[in-house]
There are 2 protein chains.
Amino acid sequence: MIEFEKIINLTVDKLLKYLQENKNTDTKVIDYKSPQTLKEKLDLSLPENGVPLADLIPIIESYLDHSVRTSSHKFFNQLWGGFEITGLLAEMVTSTANTSMYTYEVAPVATLIEIKLIEALNDLIGFPQGEGLMVTGGSNANLIAMLCGRHKLLPEAKNKGLGNHQLVAFISDQAHYSFFKAANLLGMGIDNVVKVKSDHDQRMCPQQLEAAIQQSLREGKTPFFVTATAGTTVAGAFDPLLSISEITSKYGLWLHVDGSWGAPVLFSNQHKHLLQGSSLADSFTWDAHKLMGVPLICSAILVKQPGTLLEACSSQGTHYIFHDDEDSAYNLGAMSLQCGRKVDALKLWLAWKYYGKSGYEARVDRLFELASYAADYIRSCEKLQLIVQPTFLNICFRYNPRDNSLSNHGLDQLNLEIRDQLMRSGQALVNYSHYQEQILIRFILSNPNINEADLDSFFANFIKIGDSLS
Amino acid sequence: MIEFEKIINLTVDKLLKYLQENKNTDTKVIDYKSPQTLKEKLDLSLPENGVPLADLIPIIESYLDHSVRTSSHKFFNQLWGGFEITGLLAEMVTSTANTSMYTYEVAPVATLIEIKLIEALNDLIGFPQGEGLMVTGGSNANLIAMLCGRHKLLPEAKNKGLGNHQLVAFISDQAHYSFFKAANLLGMGIDNVVKVKSDHDQRMCPQQLEAAIQQSLREGKTPFFVTATAGTTVAGAFDPLLSISEITSKYGLWLHVDGSWGAPVLFSNQHKHLLQGSSLADSFTWDAHKLMGVPLICSAILVKQPGTLLEACSSQGTHYIFHDDEDSAYNLGAMSLQCGRKVDALKLWLAWKYYGKSGYEARVDRLFELASYAADYIRSCEKLQLIVQPTFLNICFRYNPRDNSLSNHGLDQLNLEIRDQLMRSGQALVNYSHYQEQILIRFILSNPNINEADLDSFFANFIKIGDSLS
C-alpha cells in the first residue's frame with residue numbers, strides 16, 4: 001500500500017504540472033509530430049518482461065508531453081474541451097471501485113445515481129414518465145433511438161427480421177453521420193436515410209421534410225423516424241422542433257432529438273427557447289461530455305414512453321445474470337445493448353453536486369457570451385468573414401479581407417494553410433469543414449474557462465498568419 | 001491548483017483506506033441494502049446550487065462505503081475482479097488529458113498505443129495482417145463481427161438494406177446473449193440465431209452445427225456466420241475451434257471467436273492449446289477488463305482481413321472530422337461505430353508494460369492453479385457436488401451432501417438460500433445460474449491475488465450455511 005501511495009502521488013504531481021503548463025500562455029496546445037516521427041520518439045513496445053512500478057512515471061510523463069492539451073485556452077477544435085476536477089476525482093473512484101452497470105447487486109450505488117440522473121435529464125426535457133440509460137456515446141444513443149422507432153412500428157422485426165419493409169428515416173443535411181452508421185447496422189440501408197434540405201441558417205426546412213415523407217410514401221416505402229438536431233455539428237443550428245413535431249405527429253413517425261451538442265441549453269432560462277418543444281419528442285440524445293465538461297464518455301439516451309428500451313433491446317439467454325428477484329427492476333443491463341458497462345454516472349453526478357443546476361446555467365450563459373464576443377470580433381474585423389450567423393457556440397468564419405482578389409479556391413487554400421500553421425506552431429487547434437463548396441473554420445466555444453483575452457489572442461494570431469500568407 | 005492538489009490528495013487517502021479495508025478479512029464484500037433502504041441512506045439529490053469542493057469528500061466516501069468491494073478476496077461473482085494499480089494510474093491520466101480516439105490529430109499518442117496493442121493481440125491470435133479497434137465491450141465486438149460477416153456476404157446491404165435475405169447465424173447453446181441482441185439490431189431477427197446443442201462438457205457439437213447449417217439451407221435461408229466461444233459464460237467451455245473451422249470453411253461462413261472471457265489463455269504456453277486454431281478465425285473478441293484485470297471497459301474487436309472494418313463500418317458525412325491529409329490512415333474513428341471515443345488503450349498498455357507478457361502468462365497459470373485447487377476441494381468434499389468438470393476458471397458446483405434426501409427442487413432452493421445468506425452476511429459474493437433444469441453456483445477465479453486460504457474459507461462458510469439449513 002505504501003508503494004501504491006508513492007506511485008499515485010508521483011502521478012498526481014505529473015498531472016498537476018501538466019495542468020499548470022496548460023494554463024501557461026507559452027505552452028503549445030500541440031507539439032505536432034507526424035505518426036512516423038512520434039513512433040520514433042516513444043517506446044511503444046509491449047515487453048516480454050515487465051518493468052518496476054516506478055518506471056511507469058516517465059512513461060506517463062511522455063504520454064502527457066505528447067498529448068494534445070485539450071484543456072488549454074488554445075483548444076477550439078472539438079465540441080468538448082477544458083478540465084474538470086470532478087471528472088478526475090470521479091474517474092479515480094470509478095476505476096478503483098471498478099464495477100459494472102448491469103445489475104443492482106453488483107453496482108447498487110452507481111445504479112441509483114444513474115437512475116437519479118436520468119430522472120433529472122428527463123425533467124429538463126419534459127419527459128415526466130420518461131426512462132433512459134447511459135450509453136457509449138451520442139452515436140450509440142442515436143442508434144438506440146432508431147432501434148426504438150423501428151421497434152414501435154415493427155415489433156415483429158426483433159425476432160423475425162425486417163423482411164420486405166423498406167424503412168425510411170429523415171434527418172437534416174446538417175445532421176450527424178451516426179444516423180448513416182445506424183441505418184447500416186439496422187439493416188435498412190444508408191440510402192434509406194433521407195437528407196432533408198436545410199435553410200440558410202442550417203435548420204431543417206419543415207416543408208422539405210413533409211415533401212420528402214410524401215415522396216417516400218409514393219415510392220411505396222415506410223417512413224418511420226425523423227431526427228431534429230439540437231446543435232448541428234458544423235454550424236450549431238437547432239432544427240425547428242415545433243414545426244417538425246407537427247409533421248411527425250401527422251404522419252405517425254418517431255421524433256428523435258439529437259441533443260448531443262445542444263441539450264444543455266435546457267439549463268438556461270435565457271437560451272432554453274432553442275429547444276422549445278422538446279417534450280414533444282419520443283427520444284432524446286444527451287452528451288454530458290461535451291457542453292457539460294464531463295470527461296469522455298458520458299452520454300444518455302432518454303425515452304418518453306417507459307418500457308420502450310426493455311422491449312426494444314432485451315433478449316433471451318440472460319438468466320445467468322439477471323435474476324428474477326426483488327431488485328430486478330433495478331437491473332439496468334436488461335434494457336442495455338451492453339453487457340459489462342462502465343460507471344459513467346458518477347462523474348456527471350459529482351459535477352452536478354459541485355456546480356448545481358445554477359452552475360450549469362451560468363456555464364451555458366457564459367459560453368453564449370463568449371460566442372457572441374467572438375462573432376462580434378469577426379463582424380467588426382475587415383479581414384474576417386462570418387460564414388454563418390451563429391445561434392449557438394459554433395463560430396463559422398474565414399480569413400477573407402474585404403479587398404482581396406483571391407478566388408474561392410484560393411481562399412480555401414489560404415484558410416487551410418492558416419489553420420495548419422496555427423497547429424504546427426502550437427498557437428491554436430481549431431477545426432475546419434467543407435461547407436457549400438467552400439472551406440470554413442469551425443471555432444468552438446465549449447471550455448468556460450476561456451476568456452475574452454484568449455479570443456483576442458486567437459484572432460490576432462489567425463489574422464497575422466493570414467496576412468503573412470496573402 | 002493548490003485546492004485541486006488538496007482535494008485530489010484527500011480522495012487518494014479515501015481510496016487507499018478503501019483498498020486497505022478490502023484486504024481485511026473482517027470487511028464485508030457487500031453491505032447489502034435494498035434499493036429502498038439505500039435510497040434513504042444516500043443523498044442522491046441534484047441540487048439547484050452547488051456545494052464547495054471539500055464537500056465532495058464525504059460524498060465520495062459514502063459512494064465507496066456502499067459499493068460492492070469487487071477487489072475483495074470474497075468476490076467471485078463476475079468474470080472480473082481485483083484491483084490493478086496501473087488501471088487507476090491510467091484512468092487518472094486518461095481523464096486529465098481527456099481526448100477522443102477519432103483522429104490522430106487530437107489523440108496522437110493514444111492512437112499509436114492502440115494500434116500497437118491491436119498488433120500485439122493479433123500476434124497472439126495469429127492474424128499477421130490483422131486489424132482491429134478498441135470497442136465498448138464484448139457485446140459490441142460481437143455485434144461488429146456479425147456486421148463484418150454480413151458485409152462480406154452482402155456488401156450491398158450497407159446502402160440498400162437487407163432486402164429479402166434471411167441470414168442465419170450459429171452459436172452454441174452456451175454462447176453469450178449478445179448475439180441475440182446483435183441479430184435484433186442488424187435487422188435479421190433473433191429467431192435467425194440458431195443455438196447449436198453443446199456436448200456434456202458444454203462445447204458446441206460440430207456434427208450438430210453442420211446439421212443445423214444444412215437444415216437452414218433446406219429452408220432456403222442463408223447461413224453466414226458461426227461463433228465459437230472461447231470460455232463460455234457459465235461453465236467456461238471452449239468450443240472445438242479446429243472442427244468448427246472445417247465446417248465454416250466448407251460452407252464459406254464467417255468464423256468468429258468470442259474470446260471475451262478466455263482469450264488471455266493465449267499468453268500461457270501451458271494453456272494456449274485451448275485456443276488452438278485461433279488463426280483460422282475471421283474475427284475475434286477480446287476483453288482485457290476480464291481476465292487481464294484492466295478496469296472496465298477495455299475490449300477489442302480483431303479482424304483477420306485488413307480493410308474489413310472500414311468497409312463495413314464507414315459512412316458518408318464525416319468530412320467535418322476526417323480530413324484527407326497525410327495522417328488520415330491513422331484516424332481510427334473512420335472504421336468505428338462510435339464518434340467520440342474514450343481512450344481505453346492506455347490502461348492496457350500501462351498494465352502490459354508493468355507485467356510484461358510473462359507476467360500475464362504467470363497470471364493465467366496461477367488462476368488455473370487456483371481453479372484446480374477449488375475443483376479438487378469440491379471433489380474431495382462429500383457435502384459438495386461438482387456439476388461440470390472445469391476446463392477453465394469457472395467452477396460450477398452445488399451443496400449436495402451424498403446422504404441427502406432432498407428433491408432437485410429442494411436442492412435448488414437450498415443453494416439459492418446459501419448464496420443469499422453469504423451475500424447478506426457479506427461473507428462472499430458468488431453468482432448462480434440455471435443449468436439443465438437445476439440451479440448451480442458459478443464460482444469464478446479471475447482475481448490472481450486470491451489465495452488458497454481464501455478458497456478454504458469460502459467453501460467452509462458455504463458448507464456451514466448449507467449444513468445449518470438442511
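Order of the sequence lines fixes the chain letters, A, B, ..., with proteins taken first and strands second; residue numbering starts at 1 for each chain.
Nearest heavy atom pair, residue B:L44 against residue A:I113, reads CD2-CG1, 3.7 Å. For B:V109 against A:S67, the heavy-atom pair with the smallest separation is CG2-N, 3.8 Å. Of all heavy-atom pairs between B:W352 and A:P47, the closest is NE1-O, 3.7 Å. Of all non-hydrogen atoms in A:D327 and B:P35, the two that sit nearest each other are OD1-CD, 3.3 Å.
Looking only at heavy-atom pairs under 4.5 Å with chain A, the residue among B:E91, B:R442, B:K181 that has the most is B:K181. When the candidates B:V68, B:L185, B:T136, B:T86 are compared by the number of heavy-atom contacts under 4.5 Å with chain A, B:L185 comes out ahead. Here B:S315 is the residue among B:S178, B:S433, B:S315 with the most heavy-atom pairs under 4.5 Å with chain A.
No side-chain donor-acceptor contact under 3.5 Å links A:Y177 to the backbone of B:S314. Within the 3.5 Å criterion, the main-chain N or O of B:I321 finds no donor-acceptor partner in the side chain of A:N431. B:N98 places no side-chain N or O within donor-acceptor distance of the main-chain N or O of A:G82, the cut-off being under 3.5 Å.
Annotation: side chain of A:N77 is in contact with side chain of B:E105 (closest heavy-atom distance under 4.5 Å).
Of the listed residues (B:H151, B:R150, B:K158), just one forms a side chain to side chain donor-acceptor pair (under 3.5 Å) with A:N184, and that residue is B:R150.
Note on ring orientation: taking the six-membered ring where Trp is involved, the planes of B:H319 and A:H434 are perpendicular (angle over 60°, cut-offs 30° and 60°).
A salt bridge is absent between A:K353 and B:D55; no separation between the charged side-chain nitrogens and carboxylate oxygens falls under 4.0 Å.
B:H176 and A:Y320 form a side-chain donor-acceptor contact under 3.5 Å, judged by distance and modelled atom types alone.
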